[in-house]
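Below: one structure, written as C-alpha cells.
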Number of protein chains: 2
Amino acid sequence: MHTTTLHRPTHRETLWELEAAIERGDLITVFGRCTVDYDGRATSTLGPGNRLVILKPDGSTLVHTDEKRTPVNWQPPGCEHHASVRDGRLRVRGTRTTPDETLDIHFEQVHQFSALDVTGGRDLDLYGSEEDLREHILDDPSLVESGFTPLETERESTAGPMDIYGEDAEGVPMVVELKRRRVGPSAASQLQRYVEALHREFGDSVAVRGVLVAPSVTDRAADLLKENGLEFVALDPATGEPPEATEASEEVEPPEASEDADGDEPKEADSETDGSDG
Amino acid sequence: MHTTTLHRPTHRETLWELEAAIERGDLITVFGRCTVDYDGRATSTLGPGNRLVILKPDGSTLVHTDEKRTPVNWQPPGCEHHASVRDGRLRVRGTRTTPDETLDIHFEQVHQFSALDVTGGRDLDLYGSEEDLREHILDDPSLVESGFTPLETERESTAGPMDIYGEDAEGVPMVVELKRRRVGPSAASQLQRYVEALHREFGDSVAVRGVLVAPSVTDRAADLLKENGLEFVALDPATGEPPEATEASEEVEPPEASEDADGDEPKEADSETDGSDG
DNA sequence: GCCTAGGTCCCGTCT
DNA sequence: AGACGGGGCCTAGGC
C-alpha cells in the first residue's frame with residue numbers, strides 16, 4: 001500500500017509524479033485552481049476555481065466542485081490521459097473515441113497531488129433490483145395473478161425484449177413489464193409497445209394482456225394504462241409482496257380473485273384496444 | 001486557501017479533523033481500507049478494499065474504486081454526515097430522508113485524510129443541448145419545414161408538456177418533439193403520447209401532425225414513427241442544420257414541398273477550435 | 001460497433 | 001412533497 005502526496009508542487013513536479021502514477025496504474029487526485037474545457041457530444045467551458053480532479057487508471061476522469069453527486073465535467077472509462085506544461089500552466093488532457101471527445105483541464109496552481117493505490121473488491125452485492133422482482137415472480141407466479149404461467153424471459157419481439165412473457169389461467173398471452181420503482185408514463189408506453197408487437201405477431205384476433213408490475217404508479221401513467229386496456233399489479237422488488245399501507249393496487253385493476261373466489265367469472269381480456277392505433 | 005492532510009492517521013485523529021472539516025464546510029477525501037453498507041431504495045454491501053471516499057459540504061457522498069465514472073456507492077446531496085469510532089473502526093455514516101437512506105462506511109485503516117477548500121465557479125457554459133436545438137428552430141422555423149409556425153413551447157396537454165406546438169403552412173396543428181441525440185423507441189412513444197393527447201383535446205376529426213426532430217433515429221424507432229404516422233426531421237443540436245454526410249432525413253418521411261426556399265442558407269461554422277495536436 | 005433498456009439513475013422545473 | 005422529462009446521462013447485455 002503506497003500513497004504519494006505532494007503539497008503545493010511546481011507544475012514540473014506534478015508532471016513528473018503524474019506520469020509515474022499513470023504508469024503505475026494509481027488513482028490520481030489533483031486539487032488545484034483550474035479551468036475546464038470539454039468538446040465532444042456537446043461543448044462546455046468552466047471558469048477558474050478550486051476543484052478536485054480524479055484520474056482513474058481505467059481512463060475515467062472526474063472534475064468535482066463542492067456540490068452535487070455528479071461531476072461538473074468528466075470523461076467515461078477508456079480515455080487516455082496526457083499531461084504537459086504549457087504557458088506556465090499544467091494541462092491534463094483526456095481524449096477518447098466513439099464518440100470523439102476531449103476534456104482539457106488547465107491548472108493555474110496545484111494545491112495538492114496524490115497518487116493512491118486503490119485496490120480491492122469493486123463488485124457490490126445489491127438487492128432490490130428489477131432482477132430480484134423477476135425472481136420473486138418466477139418463484140411464485142401467482143404474485144402477478146392466480147393461474148399465471150411464465151413461459152419466457154427477455155422474449156424477443158419487434159418492439160424489443162419483454163421482461164416476462166407467459167399466459168393466464170385461460171391461456172391468454174400475457175406480457176409482464178417489471179419496474180423496481182414507481183412508474184410514470186414511459187413505462188406504460190413501453191408495455192404498450194410490447195403488446196402492440198404481439199398483436200402484430202399473432203394477429204388482432206388474438207387477445208393479448210399487458211401487465212405492469214411495480215410498487216406503484218402515477219396518476220397519469222394509470223390513465224395511460226387504462227386507455228390502452230393494460231393492467232397494473234403492485235409489488236415491491238425487495239419483498240415480492242404488495243407494498244405496505246397503500247391501496248395503490250386498486251388504482252387500475254382490483255386484483256382479488258386470487259385464491260378464494262376461484263375463477264368461474266369470465267376474465268374478458270378482449271376489451272382492449274379502443275382505437276389507439278389509428 | 002487551506003488544505004489539511006493526515007498520513008496514516010489514527011481513527012481518533014481522523015475523527016477530530018473530520019468533524020472540524022465538516023464544520024468548516026470543506027470537501028473531505030478519505031483514502032483507506034473500508035467496507036460499505038447501503039440501505040434505502042435498495043440494499044447493498046461491499047466487501048473490504050482500498051477506496052477513495054469523498055464527503056462534500058452539501059451532503060453528497062461518493063465511494064470510488066479504481067474503475068468507472070460512477071461511484072460504487074454514494075449518497076446524493078442533502079444527507080447528513082456523522083463520524084464515530086466503534087470497535088476499533090472508523091464509521092462514517094450518511095443519512096437522508098425522502099427517501100430514508102443510510103450509507104455506512106467502516107474504515108479498518110485510513111491511509112490518507114484530506115480536507116480541501118473547494119471553491120469557485122460551479123456553473124459551466126454548455127452548448128449543444130436540446131434547448132439550443134429549440135432556439136435554432138424558433139429562430140428559423142423552416143428548419144423543421146417550410147411554412148411551419150411555432151405557437152407555443154412547453155404547451156401543456158394531458159400527456160404532459162410538448163417541446164414545440166405550432167401549425168404547418170395549411171394551419172394543421174403540429175407537435176414537435178426535440179432530442180439532442182439519436183433517438184430510440186421511447187422518443188417515438190413520447191411523441192405519440194402527445195399526438196394522442198391532442199386528438200383527445202381537438203377530437204379525432206381534426207388532423208394533428210407529430211414531428212420528431214433529432215440528429216438521427218434508430219431503425220426500430222423509425223418503424224414506430226411510421227406505424228403511428230409520425231414524421232422525422234434530422235437536425236443537429238449544435239448547428240441547427242442537418243447532420244453531415246447522412247441521408248437520415250429520408251428514413252421516415254422525405255420532406256416534400258419545402259426544398260425550394262433553402263437555397264441560400266449561410267454555411268458558417270469554420271470556427272471550430274481544433275486544438276488537436278500530437 | 002450499434003441497439004435496447006435499467007439505474008439506489010441524478011437533476012431541474014413546475015405544480 | 002410528487003411528477004415529469006432531459007442528460008455530454010452511465011452501464012450492462014445482445015447481436
Side-chain angles (χ1 to χ4, degrees), chain A residues 38-44 60 62 67-78 96-103 124 126-131 133-134 154 156-157 159-163 177-187 190 193-194 216-221 237-238, chain B residues 36 38-44 60-61 63 67-79 96-103 124 126-134 154 156-157 159-163 177-187 190 193-194 216-221 237-238:
Chain A
Y38 157 74
D39 190 30
R41 289 163 291 178
T43 301
S44 75
S60 306
L62 314 172
E67 288 186 343
K68 304 293 157 59
R69 201 213 68 153
T70 307
V72 64
N73 277 115
W74 70 88
Q75 201 71 282
R96 69 172 188 137
T97 57
T98 340
D100 280 343
E101 296 198 296
T102 302
L103 184 69
L124 51 73
L126 188 138
Y127 188 64
S129 63
E130 178 181 309
E131 186 182 348
L133 177 56
R134 175 169 65 237
E154 305 297 321
E156 275 302 329
S157 76
M162 36 196 86
D163 287 335
E177 174 60 32
L178 309 175
K179 292 296 172 199
R180 70 169 303 282
R181 60 173 182 171
R182 183 173 176 85
V183 296
S186 65
Q190 188 184 349
R193 290 202 300 273
Y194 299 144
S216 61
V217 62
T218 67
D219 289 350
R220 201 172 274 176
Chain B
V36 187
Y38 158 73
D39 189 30
R41 290 163 290 177
T43 301
S44 75
S60 306
T61 313
V63 181
E67 287 186 345
K68 302 292 156 60
R69 202 213 68 153
T70 307
V72 64
N73 278 113
W74 70 88
Q75 199 73 282
C79 99
R96 68 173 189 137
T97 57
T98 338
D100 281 343
E101 296 198 297
T102 302
L103 183 70
L124 54 74
L126 188 138
Y127 187 64
S129 64
E130 177 181 310
E131 187 183 349
D132 294 314
L133 177 55
R134 175 169 65 238
E154 305 298 320
E156 275 302 330
S157 75
M162 38 195 85
D163 287 336
E177 174 62 30
L178 310 175
K179 293 295 175 200
R180 72 168 303 283
R181 60 173 182 170
R182 183 172 175 85
V183 297
S186 66
Q190 189 184 348
R193 290 202 300 273
Y194 297 144
S216 61
V217 62
T218 67
D219 289 350
R220 200 171 273 176

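Without hydrogens or angle criteria, A:Ser157 side chain to A:Gly160 main chain gives a donor-acceptor distance under 3.5 Å. Counting only distance, with no hydrogens or angles, the side chain of B:Arg180 and the backbone of B:Gly128 share a donor-acceptor pair below 3.5 Å. In this structure, A:Glu101 contributes its side chain and A:Tyr38 its backbone to no donor-acceptor pair below 3.5 Å.
The CD atom of B:Glu67 sits 17 Å away from the P atom of D:dC10 (whole-angstrom rounding). Here the P atom of nucleotide D:dG5 and the CZ atom of B:Arg134 are 14 Å apart, to the nearest Å. Taking atom CG of B:Leu133 as the reference point, atom P of D:dG6 lies 12 Å away to the nearest angstrom. Atom P of nucleotide C:dT15 and atom CD of B:Glu156 are separated by 7 Å, given to the nearest angstrom.
Across every non-hydrogen atom of B:Ala221 and B:Val183, the tightest pair is CB-O, 3.8 Å.
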- prompt: Would A:Arg134 and A:Glu154 satisfy salt bridge (charged side-chain N to carboxylate O under 4.0 Å, His left out), going step by step from the backbone distance to the final call?
  reply: CA-CA 11 Å; A:Arg134 175 169 65 237; A:Glu154 305 297 321; 3.6 Å; yes
- prompt: How does protein reach along nucleotides 4-10 of chain C, written 5' to 3' as B (base within reach of a heavy atom under 4.0 Å), S (only sugar-phosphate), or - (no contact)?
  reply: SSSSBBS
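Distance noted for atom C1' between D:dG6 and D:dC10: 14 Å (whole Å). The same atom, C1', is picked in D:dG7 and in C:dG6; the two are 15 Å apart, to the nearest Å. Nucleotides D:dT11 and C:dC11, compared at atom P, are 15 Å apart to the nearest Å.
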Pairing pattern in dot-bracket form [Watson-Crick, G-U; both distances under 3.5 Å; | = partner strand] for DNA chain D: |||||||.|||||||
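A heavy-atom distance below 4.5 Å is not found between the side chains of B:Leu103 and B:Cys79.
When A:Arg181, A:Arg182, A:Lys179 are each tested for a side-chain hydrogen bond (donor to acceptor under 3.5 Å, both in side chains) with A:Ser216, only one passes: A:Arg182.
For B:Arg69, there are no salt bridge (Lys or Arg N to Asp or Glu O under 4.0 Å) partners, not counting sequence neighbours.
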